[in-house]
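What follows is a single structure, written as structure tokens, with notes after it.
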There are 2 protein chains.
Amino acid sequence: MSALSAGIRPEDEMLVVRPGKWTLTIVTLLRAETLRFNELKRQAGGISQKTLTVTLRELERDGFVTRTMFATIPPRVDYELTDLGRELLELADGWRVFASRNRTRVEAARERFDMSGGEPAIRLIHAD
Amino acid sequence: MSALSAGIRPEDEMLVVRPGKWTLTIVTLLRAETLRFNELKRQAGGISQKTLTVTLRELERDGFVTRTMFATIPPRVDYELTDLGRELLELADGWRVFASRNRTRVEAARERFDMSGGEPAIRLIHAD
DNA sequence: CCGCATCCATTTTGATACTG
DNA sequence: CAGTATCAAAATGGATGCGG
């Protein structure tokens with residue numbers, strides 16, 4: 001058994017993080033700098049307050065992000081990647097590179113599939 | 001702007017594949033060999049027929065997997081990774097390695113967070 | 001054996017309004 | 001500004017029964 005053979009089921013790998021729709025986006029936005037809640041919201045573009053709140057809470061809980069509250073008026077909260085968060089960022093980058101490299105290929109495959117009605121190749125007609 | 005700055009939003013990266021719960025598991029099971037539907041089902045352990053069907057259809061549609069139907073009785077269908085599928089497999093491996101390396105760290109972070117009630121650090125009390 | 005169709009439960013996400 | 005609360009909508013996953 002290879003080193004990877006353990007933990008192939010979803011619970012195993014995803015125990016660490018089963019990424020929500022916005023998780024990798026948020027992590028990526030925090031690449032260069034600490035950001036405040038509404039800066040994140042603006043830059044993400046299209047995320048709801050609630051989803052952003054929930055996503056950030058999860059990232060904080062899992063140790064990918066630190067939350068620093070300033071008890072000022074008006075309030076202010078800064079979000080920043082931890083070292084672990086920066087490792088997650090590398091995964092996100094890998095994913096994104098893959099996506100941008102292969103977008104055309106995947107779109108072409110989809111078109112072919114949809115045009116052909118998804119009919120599979122039939123290779124054999126012998127009975128067993 | 002870096003090469004990565006384009007396409008940070010979910011639609012961009014996930015257009016290629018927004019992985020369902022079982023997607024990476026299935027891809028990983030197809031690492032070494034072509035498998036039949038029920039072999040996949042058995043080896044995945046805990047996936048429903050429907051979810052497996054849907055997952056495989058998506059993988060086929062996006063060009064990650066080929067489906068070969070044998071018109072025998074009883075019928076037989078083989079699933080196999082394409083070259084593109086093998087690239088996706090590498091991403092899955094990266095994810096899994098990350099997960100197994102950091103499971104302990106994440107679990108510890110969670111425990112700390114849950115114990116402390118999730119209260120954030122307060123850094124400043126000055127008004128603006 | 002393979003897998004579609006249907007129905008249902010759970011989870012995730014979003015819209016909106018309101019608070020310290 | 002940075003949330004919480006509530007409600008509604010959508011996506012996802014699973015159980016079951018049928019059909020080629």
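Just so it is clear: chains get the letters A, B, ... in the order the sequence lines come, proteins before strands, and each one is counted from 1. Computed from a prediction, not measured in an experiment: that's the story for all the values here.
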task: Could you check how far CZ of A/R76 sits from P of D/dG3, rounded to whole Å?
output: 13 Å
query: If you check every side-chain atom of B/R36, which of D/dA2, C/dC1, D/dT4 has the closest atom?
result: C/dC1
message: Given C/dC4, D/dG20, C/dG20, identify the nucleotide with an atom nearest to the side chain of B/R67.
response: C/dC4
- line: To the nearest angstrom, the CG-C1' distance between A/L52 and C/dT12 comes to 15 Å
task: Take atom CD1 of B/I47 and atom P of C/dC2, then tell me their distance rounded to the nearest Å.
output: 14 Å
field: Protein-nucleotide distance (A/L40, atom CG; D/dA2, atom C1'), rounded to Å
entry: 12 Å
- line: Looking only at heavy atoms, the pair that brings B/I26 and B/A44 closest together is CD1-CB, 4.4 Å
query: Does a distance-only test, which skips hydrogens and angles, find a donor-acceptor pair under 3.5 Å between the side chain of A/K50 and the base of C/dG14?
result: yes
- line: Closest of D/dG13, C/dG20, C/dC1 to the A/P75 side chain is C/dG20
query: To the nearest 0.5 Å, how far apart are CZ in B/F37 and CD in B/Q49?
result: 5.0 Å
- prompt: Nearest-Å distance, CZ (A/F37) to P (C/dG20)?
  reply: 18 Å
- prompt: Can you find a side chain N or O atom of B/Y79 that sits less than 4.0 Å from OP1 or OP2 on C/dG3?
  reply: yes
message: With heavy-atom distances below 4.5 Å as the criterion, would you say the side chains of B/V65 and B/T82 are in contact?
response: no
statement: Rounded to whole Å, the CD-C1' distance (B/Q49 to C/dC4) equals 9 Å
- prompt: Is the phosphate of C/dG14, meaning OP1 or OP2, less than 4.0 Å from a side-chain N or O of A/T51?
  reply: yes
Whole-Å gap separating P (D/dC1) and CG (A/D78): 14 Å
field: B/T25-B/T28 side chain donor-acceptor pair, cut-off 3.5 Å
entry: no
- request: Could you tell me the separation between the NZ atom of A/K41 and the P atom of C/dT16, rounded to a whole number of Å?
  value: 12 Å
task: Give a yes/no verdict on a cation-pi contact between B/R76 and B/F70, requiring under 6.0 Å between NZ or CZ and the six-membered ring centre and an angle within 45° of the axis.
output: yes
